[in-house]
Every structure is written in C-alpha cells, then in structure tokens.
**Student:** 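Below is one structure. I have some questions about it.
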Protein chains: 4
Amino acid sequence: MTQTESIDHPQQAARRALVEHRSRQLLDAAATLMEREGSEAVSMQALATEAGVSVGLIYRYFGSKEDVLYAVIVDVLDALATALPAALEDAPQDPVRRLAATFTAYCTVIDSHRHSTLLTYRESKSLDAERRERIKDLELETAQPLMGSLRDGVSEGLLVTDDAELVAYDLILMAHAWALKSWYFTKTRDLESYISSQLALALRGIVAPKHRSRYADLLH
Amino acid sequence: MTQTESIDHPQQAARRALVEHRSRQLLDAAATLMEREGSEAVSMQALATEAGVSVGLIYRYFGSKEDVLYAVIVDVLDALATALPAALEDAPQDPVRRLAATFTAYCTVIDSHRHSTLLTYRESKSLDAERRERIKDLELETAQPLMGSLRDGVSEGLLVTDDAELVAYDLILMAHAWALKSWYFTKTRDLESYISSQLALALRGIVAPKHRSRYADLLH
Amino acid sequence: MTQTESIDHPQQAARRALVEHRSRQLLDAAATLMEREGSEAVSMQALATEAGVSVGLIYRYFGSKEDVLYAVIVDVLDALATALPAALEDAPQDPVRRLAATFTAYCTVIDSHRHSTLLTYRESKSLDAERRERIKDLELETAQPLMGSLRDGVSEGLLVTDDAELVAYDLILMAHAWALKSWYFTKTRDLESYISSQLALALRGIVAPKHRSRYADLLH
Amino acid sequence: MTQTESIDHPQQAARRALVEHRSRQLLDAAATLMEREGSEAVSMQALATEAGVSVGLIYRYFGSKEDVLYAVIVDVLDALATALPAALEDAPQDPVRRLAATFTAYCTVIDSHRHSTLLTYRESKSLDAERRERIKDLELETAQPLMGSLRDGVSEGLLVTDDAELVAYDLILMAHAWALKSWYFTKTRDLESYISSQLALALRGIVAPKHRSRYADLLH
DNA sequence: TATGAATGAGATTTCATTCAT
DNA sequence: CATGAATGAAATCTCATTCAT
C-alpha cells in the first residue's frame, strides 16, 4: 500500500498534467473549429479531427458532448474571471475609470471568444438544468467586478444610480452584443470604437452631473 | 354561372381561412411547445402532436422545418411591425415620450413572445443565408420607429447623441434581454418596472441636461 | 326489380361511358406526365393535377397506384394488339414483307409510348406477381403476329430458321431497345433508319440465300 | 521511427483490406437481397440487415444510397471490363471466333450478375445525371471488344456489315436480354444454348456468304 | 360523383456514444 | 492510454391512401 502510494504520487501528477493538457487541447480545438466553421458544426468527429485525436479519446476526458459544450462555455467565463481582476490591477484608483477598464476587458475577452459566447445562447438546450444553473451563477459572478466599481463610484458621489445591478447587467449585455450582433456592429465599427461608444453612452446615464467634465474623455 | 361564381368565392375564402387557421394553429403550437419544453424540443413530431395534427399535414402548410422556424421568428417581427406604429398613434407629440411609448410597446411584444424571441438567437443556424438576411433586415426595421423619435428629439434639442443608431440598437437589446435573461430579471422585477428602469437609465444618457426636469417622471 | 332494371340500363350505359372516359383521361395524363417529367415523377398527386381531377377521384377508377401503372403498361400492349393486326391488313401477301410491316408497326407504337415502355422495365417492382404474369402473357401475345409471318415465310421456303420464337423475341427486343436505349440510338439515327437497319440485319440472318435478291430493298 | 513505419504500413494495409472487405460484403449483400426479394426491396435498412451490419455503417463506406446502387451497377461493368479482354487472351486469332468468345464471356458475366444488371434498367432514375452519364460511357466501353473483332472480321473479308456499331449493340442487348427476360428464356433454354442460338442468329446475318462453311459450327 | 385535407408508415441520413483491439 | 469501426435511436420528409363533406 505505502509502496504503491509512494510510487503512485508522481504517476498521479503526470496523469493530472496529461488530463490538463488534453482538456486544453480539446477546448482549443473546439474554439478553433467554431471560429472557422461557425458555432454549429461541432460534431464529436469534427472536434476529434481538429484536435488530432480519436473520438474515443474525447470520452476519456469529457463524459459527453454536453460536457464539452459546458466546458467551452465555462472557459469563456473563466477567462473573464481571470481577465477582469487583472484589468483592475493596472487600473487607476478612480472607480469610474476602473469601471471603464473592466468593461473594456470584458468586451475584449468576448471578442476573442465570439463564437464560444454564442454557444451560451445557442446550445444551452443541450445542457441539463443543473449545468445551466451553474453557468448562470458564473455569469452573475462576472458582474461583480463591474458592480464593485459602480458601488464605489456611487459611494464616492461620482456616479448616480439606484440600481447598480441593472447597470452592470446592461454593460454585460453590451459586451455580449458585440458577439451576438457582430454582423450588425462590425459593419460600421471596430471593437475599440464600439467599446468607447457604448461606454460613453452608459456613463452619460450615470456619471453625476457635476463630475462630467472630469470624465470628458470617456463621455465622448 | 354567376351562381357558380358566387358559390366558388366562398369556397376559396374557406380555403384561405383554413390555411390561415392551420398556420396560426401550428405557429401557436410551436410557441406553446417552446414555452413548455424549452425552445429546444421542436421536432416536427413534437410539433405535430402539440398541434394535434399529423406530421404530414405540417408539410402542407410549411415546406420544411426551416419554414416553420422562420415563420415563428417572423411572427414576432410582424407583431412588432404592427405594435410599434400603433403605439405611436396614441402617443403625445413629444419625441421623448414617443420614444418611451415605442420602447414600452417593444418590450411588451417581446414579453408576449418570449420563447419565440429566443429562437432568433438559438436557431438561426438552421436557417439558410437568405432567410437569415431577411430576418436581420426585418429586425433592423423594428429600429426605425425608435430612431425616428430619437432624431426628432435631437433636432428639437431635447435629446443629445451623435449616434442615434447605437442608442436605438441598445434599446432593442434591452428589450430582447427581457426574453434572453428573463431567468435573471424576473427574479426581482416585473415587466413594468423593468421597462421604466431601463428607460430611465437610457434616457438619462441622452436627454439634454436643460430638459431633464421636463421628463422627471421618466428619468426616475 | 324489372323496373329497376329497365330504368338502370341507360344509367349503366352512361356510367360505363364515364368510366371509360375517365380511365382514358387518366391514362393519357399519365403518358403526358411521363413524357414530360420522365417515367419516374408519377405521384398520384402529379397525376391528378395533370388530369385536372382530384386525387380522390383516381381511386374511384383505379384501386391503387399499382392499378394505374398496370393499366399504363397494358395500354401499350393493347396499342400493339391493335396496331399489329392493322398493319397486316394493308400489307402484301408476301410473308417477309408482312414481317417487315409488323416490325415497323411494333417500333412505331413503342416510339409513341417510349416512356410507358420504360415502365414495364422499371416499375414491375410495384406490381404483384399475378399482374406481372399477365403482362408477360400479353407481351408474349404481341409476338404472335411476328411469329405468324415468320412461320409462313419458313413454310414457303423464303425464310430459314429453326427457332422462330427466338427470332420473334429478338425483334421485340430491338423494338424495345429503341425506348430503352434511345439516349444512344437517337444520337445517330431517327426512327425510320433505326427500323430499316435493324430489319436488314435481322432479315440477313434468316432470309433464304436464294431469295435474297428478291428482298434486296429490305436487306440493305 | 523506422519501426513505427514498418508497423504503420500493416495498419494502413489492414484498413484498406477492411474497406475492401466491407464494400464487397455490402455489394454482395445488395446482390443477394435483390436475388431473393427482387431488385426492388433495396432499402438501406434491408441492405444493412442482409449484410449483418447496422444502417449507420453503410454510410461509412458509401456516401448515400445512390452511391450503393451506382457501385452495384459499376460492379457488373467492371466485371465485364475484366472478363472480356481475358476471354480474348485465350481466344484464337480468327476474328469471328474472337467475336464469339467475347459474346460468350459477356453473356456469362451477365448471367452471374443477373439481378444487378436489372438495376441499370430499373434504378437509373435514382442516379444523378453525371453518374447516369458515366454508366452509359462504361456500357459503351463494353462494346469495344465486340466492335474490335467485328471490324477485324470486316477488314479480313470474313464479315459483312456497314454498321458495326449497331451489330455490337444488338449483341449487348441480346446479352442483357438474358437478364431482362430470363423468366421467358429460361423456360426453354439454359445459358449455353441461349448463347449458341443467339450467336448463330447474329452471325448468319453478318458472316460473308463464301465463308459460311468455315463457321458451320457457329452458324448452327 | 367529386374533392382535397388529413393521415401515418416508411425511407434516408446523421451523429453521439460504446467497446474490442 | 488510445483508436476508430460499429451501433442504433432519432430526425426530417414523402407520398399512397382514406374519408368527411
């Protein structure tokens, strides 16, 4: 037993590393595939081919296609969970500017996961109730960084709103819209101008009148 | 002969009525089905069962499953095309209040077609390019009433924005969000309060400062 | 009873006439349809539309689709049963020339029923054993006029063959081939030259050497 | 590495062998099925059951039902493309005897693929234009060996005909007829006597009079 | 007699999943 | 651990046939 254990430890570590590596490989393949073929043509066979593995192997790392879809979606939410705090680290203290930085980061992540984002809207059908719930929770968590800056802004008198939740969610929607309605927005805008326009519009609704001049650069 | 004619007309009328009736019955069944099972389980068999007809019959009224989905989606857009002008008829002259009335009507239609609205986001994959294009066009047209009021407001100096298109589209997104994220919003709000909150938020970003007092009721 | 009978007679005659008329109308429609769309696209709906009647009506005159196909096929065989004897009426006494006349008539009927002829080869699948048998019998009967002339020719010493049956059937095949392989033969020939070429070839194999000069016109 | 290579080759060979084996198995099953049920009941389900595999598997080896039908038909034409030249290898130099050998081989192949031959006449409807064209071309190619011997015979003065094409095609028709009208011919003949009778009949029409005695054995 | 709306069995095809190797 | 051949349920669509009007 003890012998087995002491032998197993490095083996288990290796296994975990492999699992990690394979999962990444598959999720990346899924992303690449959707980016290239659209977020629909994701058959297990196509995924296997793209990842350069066999169909059978996918089932050693994901229990079902549902699992894969779930993982792809969670991947985006994970990316947000990582990118949003990271954006705040380099951001100034000013809550409004922190809000701007967070929104910018949000949109940037969505942009680089456009097709995966669509999955959330498109394939939630194939997910069971529990997973759908967990995705909703994770999505709500991505609102927290936005809400934090919003509340700070309000308590410092820079922002005015009695419904920070709604504002935060609207900002998330605006970010998602870049993926959902890219066919429309990309006709006349690039990501950068989309972000600044939406931000200006949103902020004009909540920045306290007497501080508007301070954020002139953001408000227009 | 004249008799035949006068007899024939009712026959053709009857047929047209039947076509109308069946189409409605099937579209309603589709809506009901999606309401109950989620907008996923829309198999032709399920649709037939729900409508209380045979599978074969569906194909007398719709050429394909795609046709059905398209019709369901267009149904919402038609409802909007009817409801938005209607809402403006009873509305006051004031562009801002007309904008508010239009948005309210928009949200109300979306609310009564919540699950059909999801289809646009979920099943556009099964539609061919041409139909997808037509849907986009129809959706863009629903922006016109909003944009009209917006431009009137701007030219009368009541509203300030250099990107009426973006504002209009954001309003549409807000309306769609009621369907897309109803699991979230309905937790704390009903439709009416959702509308007034979103409207207040949006208007605060665009009403000219010197006229804000005039719309105090909408801005809060 | 007697009363009913005496009243019924004209009615029954009228009915029979109607049945006759409808059947013709439907068979003609089937022929037209197959000529235009190919011998495949013969759905009951298409047939009804072509004939200008309702699907339901077809079933008053034919018990099933099988019945219709059977009737179409028999129609060709009937045409042959009529045309072949008719051709012999005007033909000279000479058995060889009578054979030629019969073959010419055979090919001419096949030509005007090309697509119906294909049905015999193509759709015998949908026919039950009994009907298939009856068609075979009728087809064999179309060989009789050919065989009659052949045997006369042999007994008069004009033709030489110990297997009149085979010769007759080969002639029938040649006639059918005009329909079966029209894609090939029509590239380089019209019906008339096809008939004379095949006839020449066939006769060269059976005309008694010493009488060949007598039929020089047919043999070349 | 070299080891991997030497290991890989057998793997690929094994796969090719499997593909070969499955294709054969399926084509044979199709033939058997048609032999037993008639060349009609060729549903994919029936084919799968007959071959002892699942429906899905068929689609790994043939892209569609059309593909299967096409392969079955081409199978016969391939057999002819192989058998006809082979028959000529062992044949004497004499063009007439070579013609006889080719015709005999043709009929023999048709006999062993009787029901598949029917497919060409029966199911060409389900094939698209391009495939139909390719089949016609392949069929025309099977006429070449016949035509070669015919032309040789003509240039050597053994045969007389000004339309070798027609003669060749008639011979093909006679061979096909063994499959098409086996219900008739098998009543009174076996394959061997069918071949010799037809051959005698055909040759009598084209062998030059002064050489008839030389081929007395073939001419009767 | 005539209609044609309605039926439903059956056909083809796809694709997530399993399992022997 | 890895493969990919094999499975079979499910989905869409067609069309001969029926039957109420």
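The sequence lines fix the lettering, A, B, ..., with proteins before strands; numbering per chain opens at 1.
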**Student:** Taking CZ from Arg15(D) and C1' from dT21(E), how many angstroms apart are they, rounded to a whole number?
**Tutor:**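 That distance rounds to 14 Å.
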**Student:** Before accepting this row, confirm whether a basic side-chain N of the pair Arg134(B)/Asp128(B) lies closer than 4.0 Å to the acidic partner's carboxylate O.
**Tutor:**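 No salt bridge links Arg134(B) with Asp128(B).
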**Student:** Picking from dT17(F), dT12(E), dA2(E), which would you name as closest to the side chain of Met44(C)?
**Tutor:**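 Of dT17(F), dT12(E), dA2(E), dT17(F) is nearest to the side chain of Met44(C).
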**Student:** Would you mind reading off the distance between Lys65(B) atom NZ and dC13(F) atom P, rounded to a whole angstrom?
**Tutor:**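 Roughly 8 Å, once rounded to whole Å.
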**Student:** Provide, to the nearest angstrom, the distance between the CD atom belonging to Gln45(B) and the P atom belonging to dA9(F).
**Tutor:**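 So the two atoms are 17 Å apart, to the nearest Å.
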**Student:** Specify the separation, in whole Å, of atom CG of Leu26(C) and atom P of dA2(E).
**Tutor:**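 The answer, rounded to whole Å, is 11 Å.
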**Student:** Toward the 5' end of DNA chain F, which comes first, Ser43(C) or Leu57(D), by nearest nucleotide?
**Tutor:**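 Between the two, 5'-proximity favours Leu57(D).
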**Student:** So which nucleotide does dA20(E) pair with, by the Watson-Crick or G-U wobble rule with both distances under 3.5 Å?
**Tutor:**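 Because both required distances fall under 3.5 Å, dA20(E) counts as paired with dT3(F).
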**Student:** Tell me which nucleotide among dT3(E), dA6(E), dA2(F) gets nearest to the side chain of Val53(C).
**Tutor:** dT3(E)
**Student:** Select one nucleotide: of dA6(F), dT17(F), dC13(F), the one nearest the side-chain heavy atoms of Ser64(C).
**Tutor:** dT17(F)
**Student:** Is a side-chain N or O of Asp67(C) found less than 3.5 angstrom from the main chain of Gly63(C), in a donor-acceptor match?
**Tutor:** yes
**Student:** Nearest-Å distance, NE2 (His21(A)) to P (dC1(F))?
**Tutor:** 14 Å
**Student:** Rounded to the nearest angstrom, tell me the gap between atom CD in Glu66(A) and atom C1' in dT17(E).
**Tutor:**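 Rounded to the whole Å, the gap is 14 Å.
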**Student:** With no hydrogens and no angle check, is any side-chain donor or acceptor of His115(C) less than 3.5 Å from a backbone partner on Met34(C)?
**Tutor:** yes
**Student:** Is any side-chain N or O of Arg60(C) closer than 4.0 Å to OP1 or OP2 of dA2(E)?
**Tutor:** no
**Student:** For dA5(E), does either OP1 or OP2 sit under 4.0 Å from a side-chain N or O belonging to Arg22(B)?
**Tutor:** no
**Student:** Would you kindly give the CG-to-P distance between Leu47(D) and dT12(E), to the nearest whole Å?
**Tutor:**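 Computing the Leu47(D):CG to dT12(E):P distance gives 10 Å.
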**Student:** Answer yes or no: does a side-chain N or O of Ser54(D) lie under 4.0 Å from OP1 or OP2 of dT7(F)?
**Tutor:**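 Yes, Ser54(D) has a side-chain N/O under 4.0 Å of OP1/OP2 on dT7(F).
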**Student:** Under 3.5 Å, is there a donor-acceptor pair between the side chain of Gln45(D) and the main chain of Val55(D)?
**Tutor:**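 No: the side chain of Gln45(D) does not pair with the backbone of Val55(D).
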**Student:** Give the rounded distance in Å between these two atoms: CD1 of Ile58(C) and C1' of dT1(E).
**Tutor:**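 Rounded to whole Å, this separation is 15 Å.
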**Student:** With respect to the side chain of Tyr59(D), which nucleotide from dT14(E), dA11(E), dG8(E) is positioned closest?
**Tutor:**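 Of the options given, the side chain of Tyr59(D) lies nearest dT14(E).
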**Student:** Checking contacts here: which listed nucleotide (dT17(F), dA9(E), dA5(F)) is nearest the side-chain heavy atoms of Val55(B)?
**Tutor:**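 Nearest nucleotide to the side chain: dA9(E).
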**Student:** Look at the side chain of Lys136(A) and the backbone N and O of Arg131(A), then say whether any donor-acceptor pair between them is shorter than 3.5 Å.
**Tutor:**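 The answer is no, because no donor-acceptor pair under 3.5 Å joins these two groups.
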**Student:** Within the structure, does a side-chain N or O atom of Tyr61(C) lie under 4.0 Å from either OP1 or OP2 of dT1(E)?
**Tutor:** no
